[in-house]
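Down below is the structure, laid out as structure tokens.
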Amino acid sequence: LTGDLVATASRLAERRPLLGTAPPAQDLSKRLKAAGSGLAGEVSAAEREVRAFQQMLADIKSTYTETDAEQARKAGR
């Protein structure tokens, strides 16, 4: 029994730890997740701004088209 225990302990000591369980890898994983969620928030905010800008442009175009049509009607009278 003692021989088996020593052999198992020796094999475990020689094995390299899995990357996911090593403390530096866990720290890196946490930092990447935090950065990822921060970037996701930034992307969402940028997407909202782009949509608001597109809506503003659509409103301006609509107003311009209506004004242009109105001026054309007045000129045609």
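Computed from a predicted model, the values in this text were never measured in an experiment.
Remark: Glu70 pairs with Lys74 by the salt bridge (Lys or Arg N to Asp or Glu O under 4.0 Å) rule, at least two apart or across chains. Residues satisfying the side-chain hydrogen bond (donor to acceptor under 3.5 Å, both in side chains) test with Glu49, not counting sequence neighbours, are none. By the side-chain hydrogen bond (donor to acceptor under 3.5 Å, both in side chains) test, Ser62 pairs with Glu66, sequence neighbours left out. In this view, Arg51 and Glu47 satisfy the salt bridge (Lys or Arg N to Asp or Glu O under 4.0 Å) rule, not counting sequence neighbours. Among residues two or more places apart in sequence or in another chain, the salt bridge (Lys or Arg N to Asp or Glu O under 4.0 Å) test is passed with Asp27 by Arg31. Taking the side-chain contact (heavy atoms from CB on, under 4.5 Å) definition, one finds that Tyr64 meets it with nothing, sequence neighbours left out. Residues meeting the side-chain hydrogen bond (donor to acceptor under 3.5 Å, both in side chains) test with Gln55, sequence neighbours left out: Asp59.
Here Val50 is tied to no hydrophobic group at all, with no ILVMFWY side chain closer than 4.5 Å.
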